[in-house]
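Each remark here refers to the structure printed beneath this line.
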Protein chains: 2
Amino acid sequence: MSSTARSRNRTTGLKVGVLGAGQLGRMMALEGIPLGMQFAFYDTSGTPSAGLGKIYSDPDNSLAPLNDFIADVDVVTYEFEHLPLDLASQVADAKPLYPGVKALRICQNRVLEKQTFDELNIPTAPFRVVDSQADLEQAVSELGLPCVLKSTTEGYDGKGQAVLRDAANIADVWLSLGERQLIAEAFIPFQRELSIIAVRAEDGATATYPLMENIHSEGILRYTLAPAPDCSSETFVRASDYAERLLNHLDYVGVLALELFEVNGALMANEMAPRVHNSGHWTQNGAHTSQFENHLRAISGLPLGDTGAIGVSCMVNLIGREADTAAVLTLADTHLHLYGKSERPGRKVGHINIVASDYAELLKKLKLCLPHVPEHPAFSSSLISLP
Amino acid sequence: MSSTARSRNRTTGLKVGVLGAGQLGRMMALEGIPLGMQFAFYDTSGTPSAGLGKIYSDPDNSLAPLNDFIADVDVVTYEFEHLPLDLASQVADAKPLYPGVKALRICQNRVLEKQTFDELNIPTAPFRVVDSQADLEQAVSELGLPCVLKSTTEGYDGKGQAVLRDAANIADVWLSLGERQLIAEAFIPFQRELSIIAVRAEDGATATYPLMENIHSEGILRYTLAPAPDCSSETFVRASDYAERLLNHLDYVGVLALELFEVNGALMANEMAPRVHNSGHWTQNGAHTSQFENHLRAISGLPLGDTGAIGVSCMVNLIGREADTAAVLTLADTHLHLYGKSERPGRKVGHINIVASDYAELLKKLKLCLPHVPEHPAFSSSLISLP
């Protein structure tokens with residue numbers, strides 16, 4: 001980071017490098033540009049959508065573009081956690097990388113992640129490491145059925161995961177998940193899925209957004225309600241405490257998302273993501289400071305902003321197809337965020353944030369909005385169900 | 001505009017061309033990108049700051065880049081009104097240009113502008129067209145002193161303007177303003193400067209933001225209060241009516257700003273700008289839909305958004321130097337918008353929007369903010385004065 005930028009508390013001209021060039025980097029840039037920041041993206045997908053700064057394209061992983069990218073920027077962050085660690089270390093040797101390599105190493109490996117939860121006394125489902133079909137048989141006998149299998153180092157949106165319900169299928173599942181290291185977890189009969197987003201500044205200050213309730217369909221997040229309805233302040237404080245333990249333990253700088261199960265009033269950590277998170281998109285319109293701005297504030301040494309909610313919000317993901325733009329734009333307090341991507345089944349192409357003063361009003365607004373969202377799954381939350 | 005974009009009410013992939021590449025184009029792009037729009041800029045300044053899309057640079061006015069720019073975009077708008085009319089017509093022959101050439105011709109010529117105010121029965125200061133020193137002497141004898149002189153076709157932020165207070169200076173002023181056509185206006189002893197921003201959609205629908213109070217220093221806007229305090233609903237309705245007369249008369253599409261003087265309870269039109277306007281920047285945080293988004297909605301055939309205010313707002317321009325970024329970011333409901341420009345005396349490098357639930361709270365927040373704004377002029381409004 002240039003000393004000029006630091007010496008006057010200025011971020012004008014500060015160039016943030018983002019590893020990845022999808023919608024998370026794009027939304028980060030949309031919040032950083034008004035703070036005078038510039039952006040550059042390193043993309044290996046060949047189909048970047050960020051488009052708000054120079055894109056260093058490297059579809060062949062030749063690494064020459066990576067070096068140019070590193071030379072061009074002042075500070076580096078990322079929008080997906082499945083970065084090769086040697087690449088992350090190479091970046092961190094040259095420029096500040098936030099969140100750091102330590103956080104990345106743990107967050108991208110489900111075994112280390114679960115061990116960290118245990119170490120910090122954060123409740124989580126019992127688990128076993130599985131390196132062979134024999135290990136899997138042993139795990140099933142210890143954890144019982146059903147049991148959840150996940151690849152240790154990859155997978156998101158339900159990819160690389162399976163639920164094993166019948167011991168007769170052990171061999172098939174082992175094959176179908178690619179015969180690589182898995183983590184087997186006891187199945188948690190949870191009532192709902194929650195998440196919490198927290199942020200830690202360079203100086204160690206932390207802040208936490210309200211707990212959120214997430215509604216998935218076919219392994220993909222479809223709706224987030226924030227704050228999560230019917231949540232006691234004890235539950236919020238507990239979630240917030242878990243997140244802060246993780247932030248401090250990992251010497252973390254930036255935004256961290258922690259996914260939790262609510263089980264008979266208790267919370268159990270499911271997994272975490274060392275980045276801005278889909279379940280936090282409501283903060284763009286429903287919080288005083290968005291997760292994107294707070295992430296940028298953290299990694300550029302600025303003070304954190306107010307994480308409080310403005311009323312209550314519902315985020316609706318647009319999966320596969322966009323909504324009817326003109327129709328959505330006529331709706332009060334309903335904000336459209338498109339990613340500029342082409343439509344494709346299962347692809348996240350945008351989201352809608354709806355803000356209201358209370359849950360009853362929120363549901364009314366959601367009911368007006370959903371007819372314009374193609375192929376939306378039924379909205380069924382702890383609050384109420386809508387078709 | 002591509003029929004694909006239109007047929008499904010989609011704006012994803014719609015490419016908006018902006019003539020000019022400064023902060024207004026930049027803030028437009030920041031609001032259009034979440035609607036899936038893309039942007040391209042045509043710049044003759046050689047120092048573009050927009051940076052949110054391809055820049056067609058043409059510092060020599062060679063026009064070849066203009067043709068490439070036109071070919072690249074679906075619809076064209078502009079961020080400054082001093083465009084050569086033949087250039088505007090060339091653009092309009094190839095792609096939809098909003099606001100149209102008719103509005104541009106009138107708004108960029110003070111004589112036509114004043115005649116339009118007269119024609120639409122919108123009160124404005126008496127004026128004379130001045131083509132020579134003799135004309136100026138005649139105008140002074142008819143309008144009295146002091147009298148305000150402005151070049152007919154150029155000038156903003158007080159440039160190309162003078163106040164003549166002593167008939168002995170007529171020859172000097174005529175020389176200093178460049179011996180070109182001027183408009184001489186009777187001096188209006190106004191109590192305060194107001195402005196109103198209105199928008200008209202392609203289908204003729206209109207919407208108006210609340211009246212605003214503007215506080216200038218050395219000819220440059222420094223503060224905007226919105227809604228203007230101490231304004232009767234009659235005054236608001238009158239201003240709104242004036243703006244709508246103009247929009248309809250000009251077959252207007254997009255955002256129009258109308259500057260007004262308040263004189264003993266009456267309103268007199270000063271001038272208008274066929275574009276998003278500095279006095280409307282508060283709408284980014286203080287209105288349900290910003291002027292930038294509503295301009296883009298209008299020019300892309302989308303329905304207009306709610307122009308209502310959320311509480312009360314104060315916009316603070318950053319002139320010449322940025323504020324202390326870190327300090328400003330610690331303040332509640334205080335939003336920083338920087339333009340990514342280098343600092344230079346008199347240059348607009350950013351602004352701050354402060355939002356509050358009432359004027360008393362707004363003044364408290366403003367008082368916390370101003371110490372971090374270098375060289376800010378005293379805040380003196382109809383409401384109250386701050387050092």
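Below, chain A is the first sequence line, B the second, and so on; all start at residue 1. These numbers come from a predicted model, not from an experiment.
Here the CG atom belonging to B:L256 is positioned 11.5 Å from the OG1 atom belonging to B:T206, to the nearest 0.5 angstrom. Between the CZ atom in B:F69 and the NZ atom in B:K95 there is a gap of 9.5 Å [rounded to 0.5 Å].
Ranked by non-hydrogen atom pairs under 4.5 Å with chain B, the options A:L336, A:L30, A:L35, A:L329 are led by A:L329.
No side-chain N or O of A:K348 forms a donor-acceptor pair with one of A:Q23 less than 3.5 Å apart. B:Y339 and B:H351 share a donor-acceptor pair across their side chains, judged by distance under 3.5 Å alone. Using a 3.5 Å distance cut-off with no hydrogens or angles, the side chains of A:R347 and A:S342 do pair a donor with an acceptor.
Within 6.0 Å of NZ in A:K54 there are 12 or fewer heavy atoms belonging to other residues, nucleotides or ligands.
Taking 4.5 Å as the heavy-atom cut-off, the residues of residues 284-295 of chain A that approach chain B are A:H288, A:E293, ordered by number.
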